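Every chain is numbered from 1 and lettered A, B, ... according to where its sequence line falls, protein lines coming before strand lines. The structure presented is a predicted model; accordingly, all values stated were derived computationally and were not measured.
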Amino acid sequence: MENKIAVIDANNFFVSCERVFNPKLKNKPVVVLSNNDGCVVARSNEAKKLGIKMGEPFFKIQSLVKIYDIKYFSSNYKLYGDLSARMMNIINEFCPDVEIYSIDEAFVNLNFLPDDKINDFAIKLKKTIEKWIGIPVSIGISSSKTLAKLANDYAKKNPSTNGILNANDIENIDEFLNKFLVEDIWGVGRRISTKLYRNGIYTAKDLKYANPDIVDKIFHINGLRTQNELNGLSNYDVIAECSPKKSITCSRSFGNKVVDIEPLIEAVSNYTTQATLKLRQQNSLCKAILTFVSTSRFIENKYFNSDVQILENPTNYTPILIDKAVESIKKMYRKGYEYNKCGVILLNIISEDDYESDLFVDDNLNKKQNSLMKILDKINSNYGKNTISFASNLSKQKKWIMHREYLSNEYTTNWEQLLTIKI
DNA sequence: TCTGGGGTCCTAGGACCC
DNA sequence: TCTGGGGTCCTAGGACCC
């Protein structure tokens, strides 16, 4: 029996989320912007047709926005995160093994179904998601993740499929693969594509039959895996358990340029607070913290620096990590630059359970710190983020805070805003 | 004026050891 | 003073994903 993997992927997810609570946006060109309203990160099909590219700076499309009356929104991650969770719950009700791959995408294992039930099952799943939460999805099915992604891609772009394609049903799979350039394949980016083209490998079909030695030379082990997957041999399993993060990043571009050290310290303290909360939520400790500062990439007077601090003992205690990050900022800060971004990355993450306390660690102190953090997390989760926060996070004029001028309401997580919906 | 954020995996090369 | 080769660990950087 053939292996059966499906990938379920929301169409233009952020835009679709905005449309759920604002039906007037239907059939109109809509874009969603990145933090600070900088770039376009999601586009409706109508906006795609106008030639707006993924990642395009918003200021560059101003004239298009006016001419075509394009609607635009800041990223509303609370709303998108909530709708994503609902979508994943529905998928989970249908399938035992679900791998949540990204905010809008999941791989599922369909081997529990007989072959002749697959298509009806996919239709039902798609309809249920659309009916219950109003998000349109596409479904691709095949014997490997890579082929399922191609099937999904095709289903999304070709209305005749009704948004679902089971590649296991395709009679002439080579003909199908010949429709895709190598750069359309999951795991093949721009750099590798260029090298493949230079070697005469243009389409997915070409890569399927390419000389493995050449593939290995330019694309290494991952290339060979992708090649296997194109041949229908699954090299990437559906991994249902969500594994703890191996690194946790928190960084933002600033709303305004920053030249003094104080706002940098304030921002980095804030980001460290957010990152350590995530660390505690997955019951982990980290052994190191990397802090970085940078100016814009697009100006002459550039500066980038990063600094790693190894911790004496693994920890998830916010004050210790803030101290380290602030120390790094002080070390890296240079006068005369216009900073536009800083951030922290928690590294060498281990599970709390795996940490056997060191002979020299004051175990009592550890326990006190732990319970203090738990109380703080609880209060902040019950009474709102930043009900209690750290001294270095407090300031009246947060110059660095990001702009989100065109934010929609948090309809699903804030009931007061729910009442403002106009139908 | 205005150009995102958060991840993972792999490789090459250096340091070190025997 | 000369100096091989293999193994391991670590880190920086590259490439990719959404």
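- Within 6.0 Å of atom NZ in A:Lys49, 12 or fewer heavy atoms from other residues, nucleotides or ligands are found, so the atom counts as exposed in its surroundings.
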### Query
Taking it one step at a time, do A:Asn199 and A:Lys217 satisfy side chain to side chain donor-acceptor pair (under 3.5 Å)?
CA-CA 11 Å; A:Asn199 282 271; A:Lys217 212 172 133 199; over 6 Å; no
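- Ion pairing between A:Lys208 and A:Asp206 fails under the 4.0 Å rule for side-chain N and carboxylate O.
- Residues of residues 187-222 of chain A that place a heavy atom closer than 4.0 Å to DNA chain C, in numerical order, are A:Gly187, A:Val188, A:Gly189, A:Arg190, A:Arg191, A:Ile192.
- When all heavy atoms are compared, the tightest approach of A:Leu165 to A:Ala155 is N-CB, 3.9 Å.
- Within 4.0 Å (heavy atoms only), A:Glu56 reaches no atom of the nucleic acid at all.
- Across all strands, A:Tyr101 comes closer than 4.0 Å only to sugar-phosphate atoms, never to a base (heavy-atom distances).
- The backbone N or O of A:Leu25 sits less than 3.5 Å from a side-chain atom of A:Arg19, completing a donor-acceptor pair.
- Using a 4.0 Å heavy-atom distance criterion, A:Ile185 is classed as a sugar-phosphate-only contact.
- For the pair A:Lys179 and A:Tyr154, the cation-pi test (distance below 6.0 Å, angle within 45°) is failed.
- Going from the C1' atom of B:dC16 to that of C:dG4 covers 16 Å, rounded to whole Å.
- Here the range on DNA chain C touched by chain A, meaning any atom under 4.0 Å from one of its heavy atoms, is C:dA15 to C:dC18.
- Using a 4.0 Å heavy-atom cutoff across all strands shown, A:Ile248 reaches sugar-phosphate atoms only and no base atom.
- Nucleic acid contact for A:Lys246: sugar-phosphate only, since backbone atoms but no base atoms lie under 4.0 Å from a heavy atom of the residue.
- Backbone-only engagement by A:Asp104 is indicated by non-hydrogen atom pairs under 4.0 Å involving sugar-phosphate atoms exclusively.
- Across all strands shown, A:Arg404 has no heavy atoms under 4.0 Å from either base or sugar-phosphate atoms.
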### Message
Let me check I have this right: for DNA chain B, each base becomes ., (, ), [, ] or |, based on Watson-Crick or G-U pairs with both distances under 3.5 Å. What is the full string?
### Response
....||||||||||||||
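- The ring pair (Phe, Tyr, Trp, His ring centres under 6.0 Å) test with A:Tyr339 is passed by exactly one of A:Phe292, A:Phe254, A:Tyr333: A:Tyr333.
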